[in-house]
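Reviewing the structure listed below.
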Amino acid sequence: MKCAVCRGPAVIDLRRHNANFCADHFLKFCRDQVVRAIDEHDMIEPGDRVLVAVSGGKDSLALWDLLLELGYDAEGMTIGLGIGDYSTASTAAALAFAERRALTLRRIDLRGDYDYDIPTASAATGRVPCSSCGLSKRHLIDRAALDGGYDVVATGHNLDDEAAVLFGNVLHWHTEYLGRQRPTLAERSGPSSPGTRVFPRKVKPLVRLTERETAAYCVLRDIDYIVEECPMAEGNRHLRYKEALNAVEDASPGAKQAFYFGFLARAASRFAPDAAVTDGELRACGRCGAPTTGEVCAFCRLVERVGGQDPVPVELVRPRRGGARHRRAGTKAHS
Ligand code: AMP
Ligand code: FES
Ligand code: ZN
Ligand code: ZN
């Protein structure tokens with residue numbers, strides 16, 4: 001197996017590109033894909049201050065490293081979600097990466113700062129863990145970016161993630177979500193305060209790289225990441241869509257990128273009107289000032305409902321294969 005560029009010994013084969021690469025040319029390939037994504041989707045301007053949302057997994061650590069390699073001013077933020085050993089190890093991986101390179105990593109801890117954690121929120125609301133998890137992450141990442149004066153937030157969503165989300169949105173014809181599924185979301189200012197940002201710009205510079213590629217990038221760059229996946233996401237729909245797409249990709253390499261890039265190029269804009277309809281009037285949350293369509297934002301309502309409750313261990317809210325959670329006394333079943 002020879003590198004497509006230099007004919008030296010290759011370390012990885014990329015069937016979707018019908019090419020093999022040596023370590024140096026694979027790392028260059030990764031940087032080139034990120035440069036291309038940033039250019040094509042107007043993600044980051046020279047001089048922008050970037051906040052990277054870091055989970056401690058391969059994608060967000062590779063992303064942070066790649067942005068630094070490309071010369072961007074990128075700091076990190078990580079949220080301790082309180083999902084047992086998984087969260088402890090995730091935070092430790094993010095911290096170790098930052099310390100080794102003397103980088104700034106902002107830290108938020110759900111239990112320490114807001115007196116709840118994801119397993120407890122899931123048990124108390126009777127909803128799948130990813131629901132309060134996603135809500136908490138969105139709110140706190142946006143807040144950290146606005147408070148810290150960052151121009152843009154970058155997350156580690158990769159091609160597999162985006163193709164799986166697209167697959168789910170198409171299966172259920174969630175046209176509103178399809179209208180919003182873009183690798184760059186522009187910042188928004190509030191109607192009552194033009195010029196004041198209420199949502200930061202959000203970008204996904206890894207949309208041109210797969211999971212396998214970000215993992216290989218970390219190995220070659222000697223980045224220690226947490227390999228374990230979130231124990232609460234086991235068997236969820238998103239993972240099933242990924243498996244389905246991987247089966248298609250195995251049979252016809254390149255299908256996944258054709259599906260996602262084809263959507264961006266030829267279909268996404270057609271759904272924009274559906275997203276605009278539900279964008280709605282925003283006002284400031286009465287508690288925290290975050291933008292919301294109601295009186296109090298969903299995050300403050302969650303904290304009010306679950307904050308201060310005794311921690312529920314992860315084992316009690318772990319999902320079963322097939323997506324359903326174990327039922328606990330006093331919680332609603334949720335498929
Ligand atoms: P996930 O929703 O777990 O697939 O993660 C998608 C992206 O969200 C990651 O690549 C990170 O950029 C960000 N993210 C996930 N978990 C955290 C966390 N605990 N703290 C900060 N950012 C996170
Ligand atoms: Fe959010 Fe697993 S990381 S529920
Ligand atoms: Zn080479
Ligand atoms: Zn609020």
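Just so you know, ligand 1 is whichever comes first in the structure, and atom 1 is the first atom listed for that ligand.
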For the residue pair Phe21 and Phe26, categorise the inter-ring angle as parallel (less than 30°), tilted (30 to 60°) or perpendicular (more than 60°).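 Taking Phe26 first and then Phe21, their aromatic rings sit tilted (interplane angle of 30° to 60°).
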Might you point out which heavy atoms bring Phe199 and Leu146 nearest each other, and give the distance in Å?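 Between these two residues, the closest heavy atoms are C-CD2, 4.3 Å.
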Using every non-hydrogen atom in the two residues, find where Leu282 and Pro291 come nearest and quote the distance to one decimal.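 Between these two residues, the closest heavy atoms are CD1-CB, 4.1 Å.
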Determine whether any heavy atom of Met77 lies closer than 4.0 Å to an atom of ligand 1.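 So Met77 counts as touching ligand 1.
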Is the closest heavy-atom distance from Asp161 to ligand 1 below 4.0 Å?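 For ligand 1, residue contact (heavy atoms, under 4.0 Å) with Asp161 is absent.
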N/O to N/O below 3.5 Å, does that happen between Leu81 and ligand 1?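 No, there is no polar N/O contact under 3.5 Å.
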Quick one: does any side-chain atom of [X] pair with a main-chain N or O of [Y] as donor and acceptor, under 3.5 Å?
| X | Y | answer |
| --- | --- | --- |
| Arg180 | Glu176 | no |
| Thr210 | Asp160 | no |
| Asp161 | Asn158 | yes |
| Glu249 | Ala255 | yes |
| Arg31 | Leu70 | no |
| Thr91 | Ser87 | yes |
| Ser60 | Ser55 | yes |
| Arg221 | Leu66 | no |

How far is [atom] from its nearest protein heavy atom, and which residue and atom is that?
| atom | value |
| --- | --- |
| atom 21 (C) of ligand 1 | Val54 O, 3.2 Å |
| atom 2 (O) of ligand 1 | Lys137 NZ, 3.5 Å |
| atom 20 (N) of ligand 1 | Ile79 N, 2.9 Å |

Tell me whether the guanidinium CZ or amine NZ of Arg138 lies under 6.0 angstrom from the six-membered ring centre of Phe299 and within 45° of its axis.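 Ring-cation test returns no.
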Compute both the distance and the angle, then confirm whether Arg100 meets the cation-pi test with Phe97: under 6.0 Å from the six-membered ring centre, within 45 degrees of the axis.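 Cation-pi check for Arg100 and Phe97: fails.
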With [atom] as the reference point, say which of [options] has the nearest heavy atom.
| atom | options | value |
| --- | --- | --- |
| atom 15 (C) of ligand 1 | Cys133, Ala164, Ser55 | Ser55 |
| atom 10 (O) of ligand 1 | Ser87, Ala53, Gly80, Gly156 | Gly156 |
| atom 8 (O) of ligand 1 | Lys58, Arg106, His157 | His157 |

Take the Zn ion (ligand 4) and tell me which protein N, O or S atoms are nearer than 2.8 Å.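 Counting only protein N, O or S atoms under 2.8 Å from the Zn ion (ligand 4), the list reads Cys285 SG, Cys288 SG, Cys297 SG, Cys300 SG.
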Hey, is atom 4 (O) of ligand 1 touched by any protein heavy atom at less than 4.0 Å?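 No; the ligand atom in question lacks any protein heavy-atom contact below 4.0 Å.
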Enumerate the atoms of ligand 1 whose separation from the nearest heavy atom of Thr155 is less than 4.0 angstrom.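 It comes down to these atoms of ligand 1: 12 (O).
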List every atom of ligand 1 that sits less than 4.0 Å from any heavy atom of Thr78, numbering the atoms from 1 in the order shown and giving each element.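 It comes down to these atoms of ligand 1: 20 (N), 21 (C).
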Return all protein N, O or S atoms below 2.8 Å from atom 1 (Fe) of ligand 2, chain by chain in residue order.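 For atom 1 (Fe) of ligand 2, the protein N, O and S atoms that sit under 2.8 Å away are Cys133 SG.
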Does Asp24 form a salt bridge (charged side-chain N to carboxylate O under 4.0 Å, His left out) with Lys28? I'd like the steps, not just the answer. CA-CA 6 Å; Asp24 284 351; Lys28 179 174 184 309; over 6 Å; no
Aromatic ring proximity His172/Tyr177, centre distance under 6.0 Å: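 That pair fails the under 6.0 Å test.
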